[in-house]
Participant: 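Structure provided below as structure tokens; questions to follow.
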Amino acid sequence: MKKYISEFIGTMVLVILGCGTAMLVGCNVARGGYILTALAFGLAIVATAYCIGNVSGCHVNPAVSLAVLINGGMSVGDFIGYVIAQCLGALGGSAILAAIFGLGNIVDMTDSFGANGLSGVNGSAAAGLLVEIVLTFIFVMCILGVTSKKANHGSFGGLVIGLTLTAVHILGIGLTGTSVNPARSLGPAIVSAISGNTEPLGSLWVFIVAPLVGGALAAIVYKFISGEKKAKETAPAQSTAEETAPAENTAE
């Protein structure tokens with residue numbers, strides 16, 4: 001249960017800091033909102049990695065959990081528990097943002113609680129799928145490599161993962177808003193719909209399917225190129241939990 005609570009909290013923090021920043025500053029390049037949003041998501045992962053990584057591995061992302069499952073690092077039961085906790089955490093984070101922006105009468109610069117969309121690719125679901133598959137593949141490959149016991153990256157795992165998430169956001173924000181995380185997309189889309197804007201729900205399937213495909217591909221490819229037949233740890237970050245860098249396995 002502690003692992004699931006940790007995943008709930010971690011995903012909630014990710015949505016509050018990442019989507020909240022996007023809502024506050026927008027994603028306009030000229031005003032710096034673009035890079036601020038990318039940094040917010042990346043730094044949120046760094047923070048949660050070193051906070052809950054030694055408890056759950058700090059996946060905070062169903063695509064990461066799927067990759068760990070495929071590599072034999074967790075049971076099916078734990079996978080289901082993680083995904084439920086992550087989705088509830090994202091919903092909780094979006095609800096908190098709705099309360100803050102509503103009570104403070106603050107303008108949401110995204111008009112959708114930071115939900116993902118296809119406007120950057122001119123509405124093309126095919127382009128959106130490709131973007132999200134590729135970005136998730138890059139992100140999860142980094143996570144698997146950094147958290148491998150064979151690599152022995154020690155206490156720097158959380159920082160590397162956070163910087164990689166920042167990097168994929170720098171490219172992806174202008175295209176799809178960057179999901180690489182089904183839970184992160186689900187929470188804002190649902191809360192946005194409840195608030196009257198149902199547009200994000202129309203393309204939500206892209207941001208659920210593509211990250212899961214990208215995560216699965218990363219797991220298969222990494223297993224092949226690394227020669228690892230089975231991940232020993234349930235949550236990759238636990239491999240360095242005793243080295244003061246608890247979280248080695250994270251995501252947005």
Participant: Would you check if there is a donor-acceptor pair between the side chains of Q86 and T11 at a distance under 3.5 Å?
Facilitator: no
Participant: Looking only at atom types and distance, does a side-chain atom of K223 sit under 3.5 Å from a main-chain N or O of I70, one as donor and one as acceptor?
Facilitator: yes
Participant: With rounding to the nearest 0.5 angstrom, report the CG to CG distance, L175 to L118.
Facilitator: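 Answer rounded to 0.5 Å: 10.5 Å.
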Participant: Side-chain contact test, heavy atoms from C-beta onward, threshold under 4.5 Å: evaluate it for F224 versus I220 and give yes or no.
Facilitator: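 Result no, sub-4.5 Å side-chain heavy-atom pair not found.
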Participant: Going from OG1 on T176 to CG on L171, what distance comes out if it is rounded to the nearest 0.5 angstrom?
Facilitator: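 T176 atom OG1 to L171 atom CG measures 8.5 Å (nearest 0.5 Å).
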Participant: Checking S185 against N116: is there a side-chain donor and acceptor pair closer than 3.5 Å?
Facilitator: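 Result is yes, a qualifying pair exists.
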Participant: Please check if any side-chain donor atom of H169 sits under 3.5 Å from a side-chain acceptor atom of T178, or the reverse.
Facilitator: no
Participant: For C19 versus R184, what's the shortest heavy-atom pair and its separation?
Facilitator: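 Heavy atoms only, the tightest pair is SG-NH1, 3.6 Å.
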Participant: Please round to the nearest 0.5 Å and tell me the distance separating atom CG of N61 and atom OG of S179.
Facilitator: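 Rounded to the nearest 0.5 Å, the CG-OG separation comes out at 7.5 Å.
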Participant: With no hydrogens and no angle check, is any side-chain donor or acceptor of T37 less than 3.5 Å from a backbone partner on G33?
Facilitator: yes
Participant: Could you measure the distance from the CG atom of L217 to the CG atom of L66? Nearest 0.5 Å is fine.
Facilitator: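 L217 atom CG to L66 atom CG measures 10.0 Å (nearest 0.5 Å).
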Participant: Does the side chain of M109 come within less than 4.5 Å of V25's, by heavy atoms?
Facilitator: no
Participant: Within the structure provided, determine whether E132 and N181 are in side-chain contact (heavy-atom separation under 4.5 Å).
Facilitator: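 No. Closest side-chain heavy atoms not under 4.5 Å.
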Participant: Whether the side chain of S65 engages the backbone of F79 through a donor-acceptor N/O pair (distance < 3.5 Å, no angle test) should be reported.
Facilitator: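 Looks like no, no N/O pair under 3.5 Å.
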Participant: For residues S195 and F113, determine if any side-chain heavy atom of one lies less than 4.5 Å from a side-chain heavy atom of the other.
Facilitator: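 SC-SC contact between S195 and F113 confirmed.
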Participant: So which heavy atom on G172 is nearest to which on L135, and how close?
Facilitator: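 Nearest pair, atom of G172 first, then L135: CA-CD1, 3.7 Å.
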Participant: Which heavy atom of V160 sits nearest a heavy atom of C142, and at what distance?
Facilitator: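 Scanning both residues completely, I find the closest heavy atoms to be CG1-SG, 3.9 Å.
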Participant: For a 4.5 angstrom cut-off between non-hydrogen side-chain atoms, does L43 reach L17?
Facilitator: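 Of all side-chain heavy-atom pairs linking L17 with L43, none is under 4.5 Å.
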Participant: Before giving the answer on side chain to side chain contact (heavy atoms under 4.5 Å, CB included), spell out for V107 and F101 the whole-Å C-alpha distance, their side-chain angles and the decisive distance to 0.1 Å.
Facilitator: CA-CA 7 Å; V107 176; F101 278 69; over 6 Å; no
Participant: Please find the pair of heavy atoms, one from G215 and one from A67, that lie closest to each other, and give the distance.
Facilitator: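 Of all heavy-atom pairs spanning G215 and A67, the closest is O-CB, 3.6 Å.
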Participant: Might you point out which heavy atoms bring A85 and E7 nearest each other, and give the distance in Å?
Facilitator: CB-CB, 4.1 Å
Participant: Would you sort out whether S148 and Y222 count as a side chain to side chain contact (heavy atoms under 4.5 Å, CB included), showing the intermediate values?
Facilitator: CA-CA 10 Å; S148 170; Y222 184 78; 3.4 Å; yes
Participant: Output the distance between atom CZ (F137) and atom CD1 (I133), rounded to the nearest 0.5 Å.
Facilitator: 11.0 Å
Participant: Start with the C-alpha gap between V146 and I143, add the side-chain angles, then the distance that decides, and say whether side chain to side chain contact (heavy atoms under 4.5 Å, CB included) holds.
Facilitator: CA-CA 5 Å; V146 167; I143 292 172; over 6 Å; no
Participant: Is there a side-chain contact between D78 and S75 in this structure, where contact means two heavy atoms from C-beta onward sitting under 4.5 Å apart?
Facilitator: yes
Participant: Find out whether I100 and I16 are in side-chain contact, i.e. whether some heavy atom of one side chain is under 4.5 Å from a heavy atom of the other.
Facilitator: no
Participant: Which heavy atom of L91 sits nearest a heavy atom of G187, and at what distance?
Facilitator: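 Shortest heavy-atom separation between L91 and G187 comes out as CD2-CA, 3.8 Å.
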Participant: Just distance, no hydrogens or angles: give the donor-acceptor pairs under 3.5 Å from side chains in residues 198-207, sequence neighbours left out.
Facilitator:
none

Participant: Which value, rounded to the nearest 0.5 Å, describes the distance between L97 atom CG and M12 atom CE?
Facilitator: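 CE of M12 is found 10.5 Å from CG of L97.
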Participant: Would you check if S56 and Y82 make a side-chain contact, meaning some heavy-atom pair closer than 4.5 Å?
Facilitator: yes
Participant: Got a sec, which pairs hit side chain to side chain donor-acceptor pair (under 3.5 Å) with one end in residues 90-114, sequence neighbours left out?
Facilitator: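 Found D108-T110.
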Participant: Check whether T48 reaches the backbone of I45 with its side chain - one donor and one acceptor, N or O, closer than 3.5 Å.
Facilitator: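 Judged by distance alone, yes, a pair lies under 3.5 Å.
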Participant: Verify the cluster assignment for V15 and L103: are they in a single hydrophobic cluster under the rule of side-chain heavy atoms below 4.5 Å apart?
Facilitator: no
Participant: Say whether, by atom type as modelled, one donor and one acceptor occur between the side chain of Y34 and the main chain of I170 under 3.5 angstrom.
Facilitator: yes
Participant: Let's go through L165 and V180 carefully: what are the C-alpha distance in whole Å and the side-chain angles of both, what is the deciding distance for side chain to side chain contact (heavy atoms under 4.5 Å, CB included) to 0.1 Å, and is it a yes or a no?
Facilitator: CA-CA 9 Å; L165 185 59; V180 302; 3.9 Å; yes
